[in-house]
Amino acid sequence: MNSPIDTFIRAELVSFACDPGDNDLPQPGSLEHYGDGLLWLKGSHVHAVGHYGDLSYQLPSDAHVIDYRGKLIMPGFIDTHVHYVQLDIMASYGRQLLDWLNDYTFPEECRFANYAHAEALSNAFLDEMLRSGTTTAQVFGSSHPGSVDAFFTACQKRQLRMLVGKVLMDRNAPDPLMDGISGIADSERLIEDWHGNGRLGYSVTPRFAPTSTKMQMDAAGALLRNDPSLWLQTHLAENSGELDWVAELFPGSRDYLAVYEEAGLVGPRSTFAHGIHLDNAMRKRLADRGANIAFCPSSNLFLGSGLFDREAAKETGMAFTYASDIGAGTDLSGFGTLKAAYQVGQLGGQPLTAWQGFYGLTHGNAKALSLDSYIGQLAPSYEADFVVIDPNATPLLTRRIEHCTTLGERLFALMMLADDRAVYETWSNGQCQHQRD
């Protein structure tokens, strides 16, 4: 058996070992920063990380060191909630959620009955994601099983760590999208074929309560009980009109969250997108079960859905993650997500530091998805998923960075001004998957 290939990259390195806290400076021991660092890979995993001067004497005499001094390496960005099938309807004229679904989303998703279309969009979406520095995402397909087969196939070819699921919906949608009695059987087949296959995982995916009957949601809960290694993704409390609709459809449930609780869908591997219109009792119930809310700031602003309350989440112990959501989201870039999260926070008197933002986008999101043993840090034995960032990608960035005197200022400038042009390379599983033109 051949030994894994060594790769040596010299650059500034930034990673978070744990939550940096809410102060202007990160908690001691949370930040790992090497101004002149060495990232040493063995095959698909990180072998060593440290100061170049401390590690360079251990290198083989013929070692080729990739010299990226002047660039910054961070763990690959993680997106906890995104609809790949909505790529082509990004930037469609903004309406409220339910109108937007009927006018744009549902007609677009009907196209995914065609496998060739699903295959083309899977590859286009992954190209854009990697261009943005994102290496892992939790992804919605359409209600067509072929949309998930196509996406998993494209991910496997690129050796990406991905979570994906077929949308379940058996009511209140156009006929071509409703999966009826086949939805659960199709999910079971996809789980058998793909869950745990390489770096791939399956997320059971009821779209949201209004488009699934109680029978379908109960069956989705049974899938989770039968295999606790599965994930669960759906939507919760995004829009006030949505809350009213759920109350009409489920008059016996005390609130929106209870609909999911009664079906057995709330647990430590459950992600609920948005969670804007929650009270503290609901937040506490989510916290008690270890579930997380995917905070999608650019989408929430675009559709006028409301402002996510990070402070209430922290006070109740409810985990939250950062996500792009597209198509209602306006940016696949993690930088764009953090920029919008900062703006939402400012409107609520809840400033977001760069430490909090980049921790959340990497280690924090990995932890909430139960993937923090594999990804989210630059550390020995971790999978080699990382992004190479060019702080001089644009003239404006260069001017701003020149005026920064601390790492925190530089990271904040990137959070506010960077986009996909700042992503010089994106690596997954020890291989460069994207290089900027």
In terms of side-chain geometry, is the basic nitrogen of [X] or [Y] positioned less than 4.0 Å from the acidic oxygen of its partner?
X      : Y      : result
Glu425 : Lys71  : no
Lys166 : Asp186 : no
Arg131 : Asp437 : no
Asp179 : Arg207 : no
Asp19  : Lys367 : no

### Message
Could you measure the distance from the CE atom of Met416 to the CD atom of Gln343? Nearest 0.5 Å is fine.
### Response
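One gets 5.0 Å once the value is rounded to the nearest 0.5 Å.
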### Message
Let's go through Trp355 and Asn23 carefully: what are the C-alpha distance in whole Å and the side-chain angles of both, what is the deciding distance for side-chain hydrogen bond (donor to acceptor under 3.5 Å, both in side chains) to 0.1 Å, and is it a yes or a no?
### Response
CA-CA 9 Å; Trp355 314 118; Asn23 297 324; over 6 Å; no
Compute the centroid of each ring, for [X] and then for [Y], and state whether the two points are separated by less than 6.0 Å.
X      : Y      : value
Phe335 : Phe77  : yes
Tyr256 : Phe208 : no
His64  : Phe8   : no

### Query
Taking the six-membered ring for Trp, are His235 and His274 parallel (under 30°), tilted (30 to 60°) or perpendicular (over 60°)?
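His235 vs His274 ring planes: parallel.
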#### Entry: Criterion side chain to side chain donor-acceptor pair (under 3.5 Å) against Arg158, the qualifying member of Thr135, Asn429, Asp127
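By the side chain to side chain donor-acceptor pair (under 3.5 Å) criterion, Arg158 pairs with just one of Thr135, Asn429, Asp127: Asp127.
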### Query
Within 45 degrees of the axis of the six-membered ring of Tyr374 and under 6.0 Å from its centre: does Arg161 put its NZ or CZ there?
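Flagged: Arg161 positioned over aromatic ring of Tyr374.
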Please check if the number of heavy atoms outside [X] that lie under 6.0 Å from its [atom1] is greater than 12.
X      : atom1 : result
Lys284 : NZ    : no
Leu347 : CG    : yes
Arg436 : CZ    : yes

### Task
Evaluate the ring-ring contact (aromatic ring centres under 6.0 Å, His included) criterion for residues His81 and Phe140: first the C-alpha distance (whole Å), next the side-chain angles of each, then the deciding distance (0.1 Å), finally the verdict.
CA-CA 8 Å; His81 173 71; Phe140 273 56; 5.2 Å; yes
